[in-house]
Amino acid sequence: MPQDTKVCPGEVTHLPAEWDVSATVFPTSETHGLCKQLDSMASEQTLGFAIPLCDKAQITGISMSTGFSERNQKTIRGRRGFVGVNASDINYSAGRYDPSVKIPFDAGFEGVGEVVALGLSASATFTVGQAVAYMAPGSFAEYTVVPASTAIPVPAVKPEYLTLLVSGTTAYISLKELGELSEGRKVLVTAAAGGTGQFAVQLAKKAECHVIGTCSSDEKSAFLKSLGCDRPINYNGEHVGAVLKQEYPRGVDVVYESVGGAMFDLAVDALATKGRLIVIGFVSGYQTPTGLSPVKAVTLPAKLLKKSASVQGFFLNHYLSKYRAAMDHLLKMYASGELVCKVDLGDLSAEGRFTGLESVFRAVDYMYMRKNTGKIVVELPHSVHSKL
């Protein structure tokens with residue numbers, strides 16, 4: 001067995017399961033010397049973590065074996081600037097994505113920040129201080145460790161880049177792989193003013209489709225119009241089913257559906273002959289005990305058969321082979337001004353801007369109250385004295 005090497009302490013548990021890692025505790029007086037060892041540890045095949053000291057009697061550190069594989073040397077450690085909030089955070093924290101995960105575990109899917117430490121191989125590609133974005137479990141953290149292969153260089157630590165990681169790529173890959181978009185097709189986007197809906201609207205318009213988008217307020221309708229949406233529907237002022245039946249009697253060709261429940265049923269009824277409904281979520285049911293919202297499943301087969309229509313699910317994790325190319329394309333679109341990445345930092349929420357990890361729960365509630373326009377993002381300002 002290789003001899004363990006103590007690495008700079010901090011409050012981090014986001015480490016790959018395959019690492020030979022055990023938590024240990026160092027008195028505060030020992031942390032200064034340990035942190036000074038960061039430069040020398042690279043030659044000892046260890047990963048150094050630059051972590052701000054906390055005003056505590058003891059600080060949890062990491063005791064890490066020096067005999068880990070080459071794969072684990074290709075790792076970076078990042079300090080977060082912003083983390084993204086997704087509707088599926090509820091599903092993940094409820095254990096529905098992976099029932100084998102047991103409490104306690106870390107939540108959150110995405111972040112953007114700066115590199116503060118590097119593994120040996122990772123230093124050939126990244127530098128300390130570089131801005132990166134990445135998608136990884138356990139992202140609700142001030143610091144985290146990820147494989148360098150999953151980190152995506154970005155020009156700056158801006159929340160707009162974070163909007164692309166899950167929300168943007170979900171829209172891009174699902175519509176490209178399953179939507180068969182083409183000029184003149186009618187596309188219905190539900191929750192169109194939300195984190196991923198905003199991208200579905202824009203990408204469908206880029207494909208020269210006629211886009212219909214549902215939302216919950218006149219302000220969101222105005223936002224959708226600014227994106228080029230042809231027919232925003234504020235369902236608090238108009239009945240979605242009635243509008244679709246009256247204005248689109250031949251139906252819609254593609255539905256990008258994330259709401260579920262009654263909205264799913266309306267979308268199925270609105271499908272045109274050979275229409276396609278892409279399910280990327282069903283947010284209306286995530287807060288229920290089962291995580292589901294009821295739909296008219298009994299009549300679904302007959303409705304699909306009658307129209308030669310289809311319903312297909314899309315889960316981003318099943319399309320990771322397409323992920324990097326999608327991110328590269330979306331980043332280029334944003335850089336050239338072809339893509340709007342609307343961010344909602346909660347400035348209009350009752351308690352103000354979402355700042356610090358303690359505000360994540362407020363951000364989730366804000367989303368489920370349908371208050372957000374665009375992607376909900378929590379800012380994590382750098383502080384020497386961490387609250388964690």
Side-chain angles (χ1 to χ4, degrees), residues 80-92 97 107-112 133-137 139-140 150 152 154 158-179 187 189-206 211 213-215 220 223-224 227 229 256-260 278-283 286 313-320 322-335 338-346 354 360 363-364 366-368 370-379:
R80 295 305 179 79
F82 301 92
V83 293
V85 171
N86 295 280
S88 49
D89 287 323
I90 293 284
N91 271 346
Y92 187 77
Y97 277 1
F109 296 131
E110 57 192 342
V112 61
Y134 59 90
M135 179 178 67
S139 294
F140 289 156
T150 68
I152 299 172
V154 291
K158 292 176 57 179
E160 286 79 6
Y161 296 117
L162 188 150
T163 68
L164 303 175
L165 289 167
V166 174
S167 300
T169 56
T170 294
Y172 180 86
I173 299 173
S174 64
L175 290 174
K176 183 178 181 181
E177 297 295 316
L178 309 178
V187 178
V189 180
T190 62
T196 189
Q198 63 171 325
F199 295 111
V201 169
Q202 294 178 80
L203 293 169
K205 286 303 298 179
K206 295 292 182 186
V211 180
T214 70
C215 62
K220 292 183 182 183
F223 169 63
L224 292 178
L227 298 181
C229 182
Y256 185 81
E257 218 293 278
S258 61
V259 177
I278 304 169
V279 177
I280 62 103
F282 34 94
V283 64
Y286 291 168
F314 177 88
F315 187 50
L316 184 59
N317 287 359
H318 296 152
Y319 290 83
L320 293 182
K322 313 285 185 181
Y323 183 81
R324 195 57 178 256
M327 271 298 297
D328 289 345
H329 185 81
L330 292 170
L331 285 168
K332 289 177 182 177
M333 289 183 68
Y334 176 66
E338 296 179 72
L339 196 66
V340 174
C341 299
K342 177 69 173 177
V343 172
D344 192 333
L345 282 158
F354 303 133
V360 167
V364 172
Y366 185 74
M367 174 179 56
Y368 279 97
R370 306 174 186 179
K371 298 292 187 181
N372 64 297
T373 300
K375 176 79 173 186
I376 297 181
V377 173
V378 174
E379 183 179 11

Enter the distance from Tyr319:OH to Lys322:NZ here, rounded to the nearest 0.5 Å.
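Reported value, rounded in 0.5 Å steps: 9.0 Å.
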
CG of Asn317 to OH of Tyr323: how many Å apart, nearest 0.5 Å?
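The OH atom of Tyr323 is 10.0 Å from CG of Asn317, to the nearest 0.5 Å.
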
Looking only at heavy atoms, which two atoms of [X] and [Y] are closest? And how far apart?
| X | Y | value |
| --- | --- | --- |
| Leu162 | Gly111 | CD1-CA, 3.8 Å |
| Lys205 | Leu227 | CG-O, 4.4 Å |
| Asp344 | Asn372 | OD2-CA, 3.2 Å |
| Gly213 | Ala192 | CA-CB, 3.6 Å |

Lys220 versus Thr373, side-chain donor and acceptor atoms under 3.5 Å
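Judged by distance alone, the side chains do not pair up.
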
If we ignore angles and hydrogens, is there a donor and acceptor under 3.5 Å between the side chains of Glu257 and Thr190?
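On atom types as modelled, these side chains qualify, holding a pair under 3.5 Å.
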
Using modelled atom types only, decide if a donor and an acceptor are shared between the side chain of [X] and the backbone of [Y] within a distance under 3.5 Å.
| X | Y | value |
| --- | --- | --- |
| Asn86 | Ser88 | no |
| Ser139 | Ala136 | yes |
| Lys206 | Glu338 | yes |
| Thr150 | Tyr134 | no |

Report the residues that fulfil side-chain hydrogen bond (donor to acceptor under 3.5 Å, both in side chains) with [X], sequence neighbours left out, ordered by chain and then residue number.
| X | value |
| --- | --- |
| Gln202 | none |
| Tyr286 | none |
| Arg324 | none |

For Phe82 and Tyr161, I'd like to know if the aromatic rings sit close, meaning centre-to-centre distance below 6.0 Å.
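No - the distance between ring centres of Phe82 and Tyr161 does not fall below the 6.0 Å cut-off.
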
Looking at Tyr366 versus Phe354, is the centre-to-centre ring distance below 6.0 Å?
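Yes, ring centres under 6.0 Å apart.
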
Glu379: what forms a salt bridge (Lys or Arg N to Asp or Glu O under 4.0 Å) with it, not counting sequence neighbours?
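For Glu379, the residues satisfying salt bridge (Lys or Arg N to Asp or Glu O under 4.0 Å) (neighbours in sequence not counted) are Arg353.
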
Just distance, no hydrogens or angles: give the donor-acceptor pairs under 3.5 Å from side chains in residues 170-179, sequence neighbours left out.
residue	atom	partner	partner atom	Å
Thr170	OG1	Val166	O	2.7
Ser174	OG	Thr170	O	2.6
Ser174	OG	Ala171	O	3.3

Taking side-chain contact (heavy atoms from CB on, under 4.5 Å) as the definition, give me every residue that meets it alongside Ala133, ordered by chain and number, with sequence neighbours left out.
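Partners of Ala133 under the side-chain contact (heavy atoms from CB on, under 4.5 Å) test: Val112, Val154, Leu165.
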
